[in-house]
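All ligand and atom numbering here is 1-based and tracks the order in the structure.
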Amino acid sequence: MTDSTRRHTFLKKQAQTNETPYLIEVERAEGIYIWDKSGKRYMDMIAGVAVNNIGHRHPSVITAIKAQVDKHLHVMVYGEFIQDSQLALAENLASILPPNLACSYIVNSGTEANEGALKLAKRYTGRSEIISCKGSYHGSTHGSMSVSGNESKKAPFRPLLPLVKFITFNDPVSLNLITEKTAAVIIEPIQGDAGVRIPQNDFLKALRAKCDQVGCLLIFDEVQTGFGRTGTFFAFEQFGIVPDILTLGKALGGGMPIGAFISSHEIMRSLTHDPILGHITTFGGHPVCCAAANAAIHVLKTEKWISEAEHKGALLENMLVESDEVVEIRRAGLMFAIEMISFDRVKQIVDHCLDNGLIGFWFLSSPNSFRLSPPISITEREIQEAGQIIIEAIKSTKQ
Ligand code: PMP
C-alpha cells in the first residue's frame with residue numbers, strides 16, 4: 001500500500017474522532033520512541049496519553065505476553081474460572097494499595113472501571129445521586145460521560161444519567177452539595193484533562209471528611225494519574241487520605257488494554273446478589289492483559305522511576321519556565337500542562353514539535369495549554385533533548 005492509499009483508507013474506512021488527526025504512520029515503537037514508515041523517529045512525550053509509563057514494549061512485558069499466549073487466551077467470562085494471571089494481578093494490586101482496597105474487579109478500560117464504580121456505589125449505599133467535579137473527564141460511555149464536567153461535550157448526547165451534580169475543584173464551599181442523598185463522589189485527585197489541576201489547601205481531606213459525614217463513598221479516578229506518573233504509585237498517596245473505590249486503566253496494562261475498579265471485599269460483595277451478576281464483562285481481566293499488567297507492576301516496583309519522576313519533571317519544568325511566553329506550568333511528577341496565551345499558540349508549538357520529531361498533545365478542557373506525559377522511564381539526557389525541541393518550537397513560531 002502506498003502512503004496515500006493508507007491515509008485514504010484510514011480516513012474513509014476507519015471511523016474518525018476529529019477532522020485533523022495526527023496521521024503518523026506507525027511502524028514500530030521502543031522505549032520513549034516511535035518510528036514512522038519513512039524511518040522518522042519521534043520522541044513520545046505523551047506515551048499514548050499516560051499509558052506507556054514504562055516505555056514502549058518493555059522487554060518484561062513482551063516476555064510475559066509471550067508466555068501467557070503459549071498457555072491460554074480467553075477461556076471464560078470474568079469471574080467464573082480461576083486464571084493464574086488474573087489471580088496474580090489481584091494480588092499485585094493489593095500489594096501496592098492500602099488494606100481497604102484489596103479487592104479488584106478487572107475490566108477492559110478506564111471508562112468501564114468508572115461505570116462499574118458508579119454502579120457499585122449506588123448498589124452499596126442504596127442511594128442514586130452522584131457528585132462529580134467541573135472540568136473532570138471520566139470517560140466516553142454514557143455513565144462516565146454523565147459524570148464528566150465538560151457540558152459542551154455532553155449536550156448533544158442528552159438525556160444522560162439524572163441526579164448528577166458538580167462541585168468546583170478546590171472550592172471547599174461547594175462541598176455542601178454533598179448530602180445524605182449522595183451515593184458517591186467521583187473525582188480525579190489531580191485533574192488531568194482539565195489541564196493538570198492540583199488540589200490545594202487540604203481540599204481532598206475536607207472532601208473525605210464530608211463523605212464520611214454523610215455516609216457516601218469516595219471514588220478516586222486514577223486512570224490517568226496512576227502507576228507512578230505523579231511521583232508515587234497513585235496520586236492519592238500524596239494527600240493523606242484513601243478513597244473507598246479506586247479506578248484504574250491506561251498504564252495498568254504496560255501497553256495492553258485493561259482497567260480495574262477496586263474496593264474492599266465487603267463493598268464489592270454487593271455486586272454478587274440482588275441482583276446476581278451486578279456487573280458482568282466477557283473480556284474483563286483478559287489473561288494476556290493481566291500478564292502484561294503483572295510485568296508492568298513488577299518493573300515499576302523494581303526500577304527507581306517512580307521516585308525519580310518528581311526530579312525529572314522539575315528538570316523539564318525548569319527548562320520551559322525560562323521562556324517568557326509560557327504563562328503557567330501546572331505539573332505533578334511527569335504530568336504537565338504548559339499554558340500559553342492562546343489555543344493558536346498551543347497549536348503552532350505542538351505542530352512545530354511534531355515536525356521536529358516530538359509528540360505533544362492537547363487537553364479536552366484546557367485549550368490554552370498543551371500536554372506532556374512522557375514515559376516515566378525517560379532519562380535526564382532525553383529530557384534535555386525534549387526541552388530543547390520545545391523551547392526551539394516556542395521561539396521559532398513566535399509572531
Ligand atoms: N478517567 C480519566 C481520568 C481519564 O483520563 C480517562 C482517559 N483519558 C478515562 C477515565 C477514560 O479511560 P478510557 O479512555 O480507557 O475509557
Side-chain angles (χ1 to χ4, degrees), residues 15 17-18 46-53 105-121 130 132-150 153-154 157 160-161 164 166 169 184-199 204 218-230 233-236 239 243 245-262 279 281 283-286 289 292-293 296 330 332-337 359-366 369-373:
T17 61
N18 67 80
I46 292 301
V49 187
V51 168
N52 308 99
N53 285 15
Y105 193 129
I106 311 166
V107 292
N108 299 280
S109 65
T111 197
E112 190 191 350
N114 286 330
E115 297 287 346
L118 295 173
K119 285 171 63 186
L120 177 62
I130 306 288
S132 181
C133 225
K134 290 176 194 160
S136 62
Y137 181 75
H138 296 293
S140 206
T141 52
H142 269 82
S144 300
M145 176 178 272
S146 303
V147 298
S148 292
N150 185 329
K153 298 249 183 328
K154 287 159 63 170
F157 302 103
L160 294 170
L161 273 186
V164 180
F166 291 88
F169 200 74
V185 177
I186 181 165
I187 191 167
E188 302 154 83
I190 294 171
Q191 285 194 306
D193 285 302
V196 185
R197 308 285 163 180
I198 318 273
L204 293 180
L218 179 57
I219 305 169
F220 275 172
D221 174 345
E222 293 233 27
V223 170
Q224 193 169 147
T225 48
F227 296 96
R229 164 91 18 228
T230 70
F233 244 107
F234 303 102
F236 76 78
F239 303 107
I245 306 176
L246 178 70
T247 64
L248 302 175
K250 288 191 183 273
L252 166 60
M256 294 292 276
I258 190 166
F261 59 103
I262 303 175
H279 187 77
T281 162
F283 283 127
H286 190 281
C289 300
R330 294 179 298 278
L334 282 160
M335 179 176 183
F336 284 83
I359 303 173
F361 205 44
W362 332 103
F363 288 100
L364 291 172
S365 300
S366 188
S369 308
F370 63 94
R371 173 204 291 270
L372 299 173
S373 55

(request) Carefully, step by step, assess Ser148 and Lys153 under the rule side-chain contact (heavy atoms from CB on, under 4.5 Å). (result) CA-CA 9 Å; Ser148 292; Lys153 298 249 183 328; over 6 Å; no

(request) Apply side-chain hydrogen bond (donor to acceptor under 3.5 Å, both in side chains) to the pair Ser140 and Thr111, showing each step before the final yes or no. (result) CA-CA 7 Å; Ser140 206; Thr111 197; over 6 Å; no

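Among protein residues, Ser109, Gly110, Thr111, Asn114, Tyr137, His138, Gly139, Glu188, Asp193, Asp221, Val223, Gln224, Lys250 come within 4.0 Å of ligand 1, judged on heavy atoms.
Residues passing the side-chain hydrogen bond (donor to acceptor under 3.5 Å, both in side chains) test with Ser365, sequence neighbours excluded: Asn150. Legend: residues meeting ring-ring contact (aromatic ring centres under 6.0 Å, His included) with Phe361, ordered by chain and number and at least two apart, are Tyr22. A search for side-chain hydrogen bond (donor to acceptor under 3.5 Å, both in side chains) contacts involving Thr225 returns Glu222, not counting sequence neighbours.
For Phe227 and Phe234, the distance between ring centers is under 6.0 angstrom.
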